[in-house]
Amino acid sequence: DGCGHTILGPESGTLASINYPQTSPNSTVCEWEIRVKPGQQVQLKFGDFDIDDSDSCHSSYLRVHNGIGSTRTEIGKYCGFGFQMDGLITSKSNEVTVQFMSGIHTSGRGFLAAYSTTDKSDLITCLDNASQFSEPEFNKYCPAGCVIPFAHISGTIPHGYRDSSSLCMAGVHAGVVSNTLGGQINVVISKGIPYYEGSLANNVTSKVGPLSTSLFTFKTSGCYGTLGMESGVIPDSQITASSILEWSDQTGQVNIWKPENARLKRHGPPWAAFVSDEHQWLQIDLNKEKRITGIITTGSTLAEYYYYVSAYRILYSDDAQKWTVYREPGIDKDKVFQGNTELYQEVRNNFIPPIIARYFRINPLKWHQKIAMKVELLGCQFSIGRAPKITMLPPPPPPQNNDKNDDFSDDFIHSVKTLLQTDKTTFTPEIKNTTVTPSVTKDVALAAVLVPVLVMVFTTLILILVCAWHWRNRKKKTEGTYDLPYWDRAGWWKGMKQFLPNKSAEHEETPVRYSSSEISRLRPREVPTMLQTESAEYAQPLVGGIVGTLHQRSTFKPEEGKEASYADLDPYNSPIQDVYHAYAEPLPITGPEYATPIVMDMSSHPSTPLGIPSISTFKAAGNQAPSLVGAYNKLLSRTDSASSAQALYDTPKGQLGPGAADELVYQVPQSVAHSTGSKDE
């Protein structure tokens with residue numbers, strides 16, 4: 001009288017003390033005998049253990065034995081409040097006896113345990129929920145018997161279940177495991193949702209649940225699509241029934257609730273039987289064999305006709321002549337499915353294992369007022385080929401001295417074609433819609449051609465890119481010294497070093513003298529034209545006429561950043577480096593550091609005397625004056641007229657005036673030969 005919730009399956013099961021999870025009554029006892037297939041062992045796992053230990057396990061305890069009957073041997077004796085059992089208790093044979101004894105006590109919930117064969121290494125109990133596991137995805141084995149009244153779930157498929165829900169009970173509700181057999185579940189954890197719906201499925205009621213941080217769903221085979229009742233894929237001619245309800249209303253209109261009305265979610269009346277008894281049926285012809293994994297039913301869905309079916313059986317056939325009633329493996333009684341509890345709600349039931357058949361029948365057993373329903377079938381195509389008949393299966397093994405072992409010989413007989421013995425078939429399965437190329441040799445030849453072609457194409461592209469890169473770099477090296485895109489780059493001053501001339505004794509410069517009288521004959525407007533007649537090797541001063549100062553059109557490149565005027569330029573703030581300037585080198589005489597080059601109209605000045613040393617407007621590097629190796633731009637005109645081939649130069653600041661020499665001394669640009677157009681005096 002101390003036995004509580006108990007389901008003993010062929011490979012797994014669940015057992016609990018009486019009144020669990022409430023306090024167990026005094027002076028009760030229960031003994032469970034567990035058998036699995038010969039050659040296997042039993043493992044026992046406790047989900048909860050709370051037994052009074054006030055008398056040191058003398059009157060209240062749980063005892064586990066190897067074997068059954070008088071020959072059994074004790075494995076262990078356990079008691080304690082909130083006792084944590086580490087690991088699993090494993091038997092030495094395929095038989096185990098579990099004995100529970102409850103003495104005089106005032107508290108203690110008792111226990112709940114699960115068992116399975118030892119090949120199920122990831123066994124969990126019916127009390128485990130998703131929040132106890134940290135992995136985002138995991139596989140566990142659920143024992144049989146996890147539809148328990150004291151566990152709860154929230155949610156449904158495909159939206160998911162709240163993380164506080166029992167994993168195994170949710171698996172039964174989702175139709176991925178059987179409450180009678182148990183099975184493997186593949187769980188995926190994801191972010192929670194604000195609201196969890198409630199539904200009735202597989203005799204498990206899911207309640208509405210609030211927001212949670214996470215939820216879980218199950219990975220399945222995907223064979224849960226609709227088979228065509230709602231969509232109309234199944235034509236009306238393939239839906240028949242044992243009888244049809246027909247009557248005339250008060251207005252004299254004839255109402256016929258035909259079988260084709262039994263389509264889920266279709267507006268209007270359902271199918272209803274003319275006579276309400278246990279011999280009525282609704283039959284669906286799927287046109288060919290299908291894998292049927294579930295069924296969804298509703299009542300009449302008409303408020304004025306409160307009709308629905310509350311319980312039914314399922315029959316199936318290949319020829320519509322010989323019918324088989326659906327049974328669960330290991331059970332010798334027909335499976336009775338729970339139907340609707342009201343006329344609107346959709347109720348789902350799954351078939352584990354699935355049914356393989358063409359003809360499908362629903363046989364109502366219980367109903368409210370009249371037999372009336374709408375249905376939809378779940379499943380997928382079945383193209384593996386027909387399963388062998390039941391007569392082709394090997395005979396079951398003889399019983400093992402105990403009538404309880406007869407269940408193992410009849411485990412799968414009830415399902416006929418439900419369990420496919422594909423490993424025993426000797427025929428080649430039919431393969432449809434294949435995309436495999438029939439000739440393997442053609443594939444090899446095609447690959448032999450395509451691979452070299454692709455290699456050549458990619459090699460050519462790479463070579464083109466490399467050549468383009470080299471050509472681009474070579475072009476940059478040949479650009480002018482005042483190519484603006486080049487100067488816009490960062491660190492342009494360091495890049496200028498490659499353009500600076502090297503000092504050489506053979507290229508020592510000699511002063512070239514120009515007569516100021518010849519210069520004075522030039523008109524101011526001729527200067528810009530002469531400056532553009534020949535591109536200089538170095539940047540030319542972009543000035544003309546009688547402009548007194550250099551501003552934005554100066555040949556000196558300002559620093560990066562804002563565009564500064566000539567007065568803002570200070571090229572000597574940076575550390576002094578002994579390098580050659582890219583435009584003009586300072587003359588070897590000290591003077592004002594920031595003299596401004598002045599272009600003047602020499603026609604209004606008297607001749608200046610020769611030999612007056614010019615003063616550089618550029619600061620020399622270091623304390624010593626640099627040598628006369630400069631980089632002044634050579635401004636020479638190479639026009640056809642020798643008389644007009646005169647250039648206007650800046651007059652060195654501070655040295656010109658009355659009585660100055662007639663000739664001015666300038667430096668010849670380095671590495672440039674003396675022009676034949678200049679006059680040396």
Side-chain angles (χ1 to χ4, degrees), residues 175-178 181 183 202 220-242 259-260 262-264 271 281-297 312-329 331 334-335 337 348-363 373-394 410-436:
V176 296
V177 293
S178 167
L181 300 175
N202 299 308
T220 65
S221 62
C223 188
Y224 295 95
T226 57
L227 293 181
M229 285 292 288
E230 178 186 350
S231 63
V233 172
I234 300 175
D236 293 346
S237 59
Q238 294 177 202
I239 307 173
T240 56
S242 56
E260 52 264 34
R263 298 180 183 274
L264 190 70
W271 163 76
W281 46 264
L282 175 69
Q283 178 177 311
I284 302 170
D285 178 10
L286 298 175
N287 198 37
K288 61 180 180 179
E289 281 189 341
K290 298 287 181 67
R291 184 187 298 272
I292 309 169
T293 59
I295 180 175
I296 301 175
T297 62
Y312 57 89
R313 296 188 307 167
I314 296 298
L315 298 87
Y316 54 93
S317 174
D318 288 335
D319 54 8
Q321 300 297 322
K322 185 178 180 181
W323 294 89
T324 302
V325 181
Y326 183 84
R327 293 181 178 180
E328 291 181 307
I331 306 299
D334 298 344
K335 168 75 172 178
F337 294 91
R348 173 174 47 83
N349 282 286
N350 293 92
F351 309 126
I352 302 175
I355 296 172
I356 309 299
R358 172 180 174 177
Y359 297 94
F360 186 88
R361 268 189 184 181
I362 305 168
N363 174 215
M373 64 190 316
K374 296 180 180 181
V375 304
E376 177 63 279
L377 300 182
L378 305 177
C380 57
Q381 299 293 329
F382 178 71
S383 59
I384 300 178
R386 302 192 63 176
K389 297 293 183 180
I390 193 65
T391 55
M392 297 176 64
L393 296 175
D410 298 327
D411 277 352
F412 302 98
I413 294 178
H414 79 283
S415 59
V416 190
K417 293 182 180 180
T418 300
L419 291 179
L420 298 179
Q421 302 292 329
T422 54
D423 56 335
K424 298 183 181 297
T425 58
T426 57
F427 55 87
T428 303
E430 180 183 2
I431 302 176
K432 298 180 180 180
N433 298 328
T434 178
T435 57
V436 179

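Here the structure is a predicted model, which is why all the values come from computation and not from measurement.
- Leu378 approaches Thr226 most closely through the heavy-atom pair CD2-CG2, 4.1 Å.
- Taking OG1 from Thr324 and CD1 from Ile355, the interatomic distance works out to 9.5 Å, rounded to the nearest 0.5 Å.
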* Asked: Checking side-chain contact (heavy atoms from CB on, under 4.5 Å) for the pair Leu227/Ile284: CA distance, chi angles, key distance, verdict?
  -> CA-CA 11 Å; Leu227 293 181; Ile284 302 170; over 6 Å; no

* To do: Kindly determine whether Trp281 and Leu315 satisfy side-chain contact (heavy atoms from CB on, under 4.5 Å), including the steps that lead there.
  => CA-CA 10 Å; Trp281 46 264; Leu315 298 87; over 6 Å; no

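- When all heavy atoms are compared, the tightest approach of Ala262 to Trp271 is CB-CB, 3.6 Å.
- Atoms NZ and CG, on Lys335 and Asn349 in that order, are 7.0 Å from each other to the nearest 0.5 Å.
- Of the inter-residue distances, the one linking Ile295 atom CD1 with Leu264 atom CG reads 10.0 Å to the nearest 0.5 angstrom.
- At distances below 3.5 Å, at least one donor-acceptor pair connects side-chain atoms of Glu376 with backbone N or O atoms of Met229.
- The two residues Pro259 and Leu282 make their nearest non-hydrogen contact at CB-CD1, 4.1 Å.
- Here Met373 contributes atom CE and Ile296 contributes atom CD1; the two are 12.0 Å apart, rounded to the nearest 0.5 Å.
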* From CA spacing to verdict: side-chain contact (heavy atoms from CB on, under 4.5 Å), Ile362, Ile314 -> CA-CA 5 Å; Ile362 305 168; Ile314 296 298; 4.1 Å; yes

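- Among all heavy-atom pairs drawn from Lys374 and Arg263, the shortest one is CD-O, 3.6 Å.
- Side chain of Thr293 to backbone of Cys223: a donor-acceptor contact under 3.5 angstrom is found.
- Between Phe351 and Phe360, the angle of the ring planes lies from 30° to 60°, which puts this pair in the tilted group.
- Side chains of Ile292 and Tyr316 form no contact here, defined as non-hydrogen atoms less than 4.5 Å apart.
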* Test log, rule side-chain contact (heavy atoms from CB on, under 4.5 Å), inputs Phe382 and Leu286 -> CA-CA 11 Å; Phe382 178 71; Leu286 298 175; over 6 Å; no

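- Taking all atoms of both residues into account, the shortest heavy-atom contact from Arg348 to Asn350 is NH1-OD1, 2.7 Å.
- With Ser317 contributing its side chain and Lys322 its backbone, the two residues share a donor-acceptor pair below 3.5 Å.
- Nearest heavy-atom pair across Gln283 and Tyr359 is NE2-CD2, 3.8 Å.
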